[in-house]
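So that the names make sense, note that chain A is the first sequence line, chain B the second, and so on, each numbered from 1.
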Amino acid sequence: MSQDLRNAPTTKPAIAEALRDIAAPAAGATAATPVAPAPSDMVTIKVDGREVQVKKGTNVLEACLQNGVDVSYFCYHPGLSSPAVCRQCLVEVVGQPKLVPSCYTPVADKMEVVTNSARVVQARQQMLEFTLVNHPVDCPICDKAGECTLQKLYDDWDHKGSRTEFDKVHKPKMADIGPHIVLDAERCILCSRCIRVCDEVAGVHQLGMAWRGDREQLTVAPGQRLDNPYSLNTVDVCPVGALTSKDFRFTLRAWELYTVPSVCPGCATGCNVEIHHGQGEVWRLVPRENLSVNKYWMCDDGRFTYKEIRSRRHSGARIGSGRGLPAQAVSVDKATSFAAERLSGTVQKGGTIGLVFNAQAENEALFGLSQVAAKLEAAGATVRRYVVGRKSHPERADKILRHADMNPNTRGAQVFAGAGAGDADALRSDLGKGALKALWMVGEDLPFDDAVLVELAPSLDALETFVVQAVHDSPLVRRAHVQLPACTWAEVDGSFTNAKSMVQRIRCSVSPAGDARSHMELVSMIAKKTRWVEGEAWQKSPRQAFLQLTAAVQPQDGSAGPFASADWGRELPPVQLRFANSRG
Amino acid sequence: MVFGMPTPDEIVSGAARELRSRPQFPPGFGEDADDDAPLPTEPMTINMGPSHPAMHGTVRIILTVDGETVKEADVQVGYLHRCFEKEAEYATYTQVFPYTDRLNYVSPLLNNVGFAMAAEKLLGISDKIPERAQYIRVLIGEISRITDHLTCVGASGMEVGAFTPFLWMIKCREWLWELLEELTGARLTHSYVRIGGVAADLTDNFAQRLRDVLAKCREAMVDVEKLIVKNRIFRDRMDGVAVISAEEAVAYGWTGPCLRSTGVPYDVRKDHPYLVYDRFDFDVPVGSTGDNYDRFAVRMEEMRQSMRILEQALDQIPAGPFKLDDPRISLPPKSQVYNTIEGMIGHFKQIVDGVKIPPGEAYSYTEGGNGELGFYLVSDGTGRPYRCHVRAPCFILMQSVPKLIIGAGVADIIPTFGMINMIGGECDR
Ligand code: SF4
Ligand code: SF4
Ligand code: FES
């Protein structure tokens, strides 16, 4: 065998292609299929000698990226306007004497673009060198390190040593510019993405540039703060570690985190997020692109919903005599048996049973509960169904993302509770009238103030059987005879239905707190032990439940219902951010 | 000359010597053995290992014996499985080196070199590795081959009752490991090789110290040979035991000293030269019968050949860089890392993301202590292997152990197994 054969790698493009497909993150459950534009909308351009078809009005940078041609850029962001301030995206357009910023140049028919000539690569390297001249040597203490666009582009394109001999220009290192954000002006590369996020997404002008030349810096106007409901999006779009989130900075290094695609549980919009978790805890939520829901953004409140995953958790089953008296800690198995005994006792005596569909719970659990309700009704029991959730906050609603309804799955709860279901007020009045003998709450949330809960307490205490599946501990939970520990949204596989009736997958990221089980599992355990529902597909796994429920709720008339395009997606292996390639 | 003992010249010269002329005993010597008619027996199933001192810790053989004769043998490996290949998928290429140390752990640097060469092949930089780095790799590789063979030969002497050779050879091994410890910072888990070169240059007096140690090792080897080559017990236990023909050995996929003991002169260093092996004058010793004695003799002679290579390499080694000067492959100097953002990012990206290797697949093979040590890598373009497979030579040798020991005596299993030189770390991965 010759020396050559020994040393030549076998590079098979097919393998690379196949691998790329495996590595690509799965799309959201209901990414809308883009409508193919009519041919007349298309222009033909040449990128590096290859002919490609792109939509009219696209810019050259997008045309390149869409066709897998790697062009570096800092200031361009698909969700924002292009000011062409960073000049990192320079390319050659045949016929034009100067290099052009590709993010600012619309495609024209027959245009010929060159992205890999020596001239273009040199321009790219020079821009990077220029950007790095005054950049501090901060990576080891920089929150962006590992997902920094500057690091990535230097590594991809430049990788040359420093040629400067002078001190770097110094700027404010730790400017507290907003309730959630700290600015390190030295790391800023002046791309203006953050300014545009405030202007174009949040609709407020709170950031701007001051000074000029190498002393130019990002700043807030005097007396102003970077304070808007979407402020943390600036941290995501910042290509470097200039803007850091007070909540996340100096906690874990980004590359140690694992990412799981999921959906924000903060409100009925259902922004697509990535859960970033590590060491068994969730550390932050960041928005995930979904053009038909949240585009590239999410609100600040939503980012902090992860804190509920580990606070005030009700993590062990308890049974007792209710009324807020001390209860006995038991296994989940024992507690569900106890619940089953009490519930079937009440039902056998002909007592009315109230089933509470909580809009915080996932579709699969609510579907299970609806199956139980149907079985009971068919057997002649009196069942009342209620859809409840957290209190809505009309003042927070805006035309951007924030929704007044603070529950992620109100639509799902309404669909599964069915037409005759009451709302929270109906529940309140039924309890007040003593119309219920037993109450089974899937989820502990109620949209009531403390005063109302105090007023309700005697009626709850009067119940013969009170079973609650609770995520968080509260005085209400402690009034129940059976207090079952349930998982949060981040601990289960399932789906939420948002306000636009889109069914979106949520995925398990961290293991449940204590003894907690998913709502679906608890519903299924009680249903089995009461012998109301046994051996049905939905009781086997969340995926089986999902398949059964999507089939069950299709409209009779054959039209595409809310669940028509719902897709469970494939199982995802754990992906460490370190190997998800640089983000930023 | 007593018993046709090889002259010191014959032993030390390392001439291209087919080891056919094994020393002969005088006629009638030791022929008073007791060969009574065998007693009637019935088959019995017994367990050897996995926790048995002669099973090198980690292999289990379920034997069916009839008296002392092995009738059936079920060899079960895997007790030292550490998911090396899977672990490698979750580590950057550089982080895999410490794992490779633990493959054949009596010659860790050979594994280091083998893995580095696979990654370099995939990167397409095999021909760009600085010469000095290549010589250093040869040096540490051949030292490791000697430590590998010293362990194997010394231990198998001990396993048939000769304890002294074991102590002498382990003493030699220790001298060599001390030298490597000085060079790499660790006695056994060196992790010294890097993609593009090695981690550090040779220590100042490395050449002189190595020459001194080699001289002492040569002496010790002569002493050992004097003790066992003509030893009746040793020879009775090794000669003609576990014979395999060249055809069968090739069919089983044998490589390395074991294959050469059958007379097939296949050595990756000669047949598919890598690094700078084509610049050295060395012989490939081969045996004639493929029995345990040949496997012993081939290893002894290979150590001498390695010493020849080492001496030539010390003479030839040029000055120059010891790793590739490419910021995407080798870490930048610390002065740049601490003082410039460019050096910092380069260092950071290599440590955190790993050395990025373009998508593709490559199989690279080198001569390990036990034979052809191959690494098969698939890259998806990231900094860690998408798939990493090791062709562990002794794993392949192990499959023929039943064939070798069926029909032999129970006691013969020990030297046979010793001469196969199964290293749990490499076999089980
Ligand atoms: S912004 Fe990027 S390059 Fe700058 S210090 Fe932070 S990680 Fe390093
Ligand atoms: S702070 Fe970040 S996003 Fe804003 S201008 Fe600077 S680099 Fe760009
Ligand atoms: S990305 Fe085009 S100029 Fe910044």
Side-chain angles (χ1 to χ4, degrees), chain A residues 1-23 128-129 131-140 142 145-148 150-156 158-164 168 186-187 253-256 573-574 576-582, chain B residues 89-92 117-129 268 271-274 278 326-329 332-333 336-354 356-366 376-384 386-387:
Chain A
M1 208 177 293
S2 74
Q3 187 82 17
D4 264 343
L5 192 52
R6 156 167 264 294
N7 289 331
T10 356
T11 307
K12 290 186 186 156
I15 291 188
E17 287 301 318
L19 295 178
R20 198 166 300 142
D21 186 44
I22 293 166
L128 280 165
E129 186 175 12
T131 303
L132 287 170
V133 164
N134 279 315
H135 201 83
V137 189
D138 268 1
C139 303
C142 177
E147 49 176 8
C148 171
L150 182 53
Q151 284 185 325
K152 178 173 162 50
L153 295 189
Y154 170 82
D155 192 50
D156 285 354
D158 192 6
H159 40 78
K160 300 238 172 6
S162 164
R163 289 192 289 167
T164 47
K168 302 197 175 214
E186 283 188 346
R187 293 183 197 151
R253 303 313 313 254
W255 64 86
E256 292 174 343
Q576 206 173 1
L577 283 190
R578 171 182 187 182
F579 298 116
N581 265 321
S582 290
Chain B
E89 290 170 19
Y90 287 85
T92 64
M117 288 184 54
E120 284 156 8
K121 181 171 179 180
L122 206 42
L123 270 167
I125 55 166
S126 303
D127 47 348
K128 300 199 190 76
I129 309 301
V268 184
D271 293 297
H272 310 289
Y274 54 97
D278 47 355
D326 182 334
R328 277 168 301 174
I329 291 165
Q336 281 179 33
V337 175
Y338 294 140
N339 297 308
T340 69
I341 183 67
E342 288 84 353
M344 168 58 71
I345 297 180
H347 177 97
F348 185 99
K349 277 301 209 188
Q350 249 186 66
I351 297 292
V352 173
D353 290 6
K356 300 223 180 64
I357 296 191
E361 56 176 339
Y363 175 70
S364 159
Y365 48 110
T366 54
Y376 169 69
L377 288 178
V378 181
S379 171
D380 57 357
T382 61
R384 54 180 186 168
Y386 179 79
R387 177 79 173 90

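Expressed to the nearest 0.5 Å, how far CD1 of B:I341 lies from NZ of A:K168 amounts to 6.0 Å. For the atom pair CZ of B:R384 and CD of A:Q576, the computed distance is 7.0 Å after rounding to the nearest 0.5 Å.
Here the rule is side chain to side chain contact (heavy atoms under 4.5 Å, CB included) with B:E342, and of A:V137, A:L128, A:L132 only A:L132 fits it. When A:C148, A:C142, A:C139 are each tested for a side chain to side chain contact (heavy atoms under 4.5 Å, CB included) with B:F348, only one passes: A:C139.
No other option in A:D155, A:D138, A:T164, A:V133 has as many heavy-atom pairs under 4.5 Å with chain B as A:D155. Interface summary for chain A: among B:H347, B:R328, B:Q336, the most heavy-atom pairs under 4.5 angstrom belong to B:R328.
Residues A:Q151 and B:V352 have side chains not in contact (no heavy-atom distance under 4.5 Å, counting atoms from C-beta outward).
Looking at B:N339, only its backbone comes within 4.5 Å of chain A, counting heavy atoms on both sides. Looking at A:K160, the atoms closer than 4.5 Å to chain B (heavy atoms on both sides) all sit in the backbone: N, CA, C or O. Looking at B:I357, neither its backbone nor its side chain comes within 4.5 Å of chain A, counting heavy atoms on both sides.
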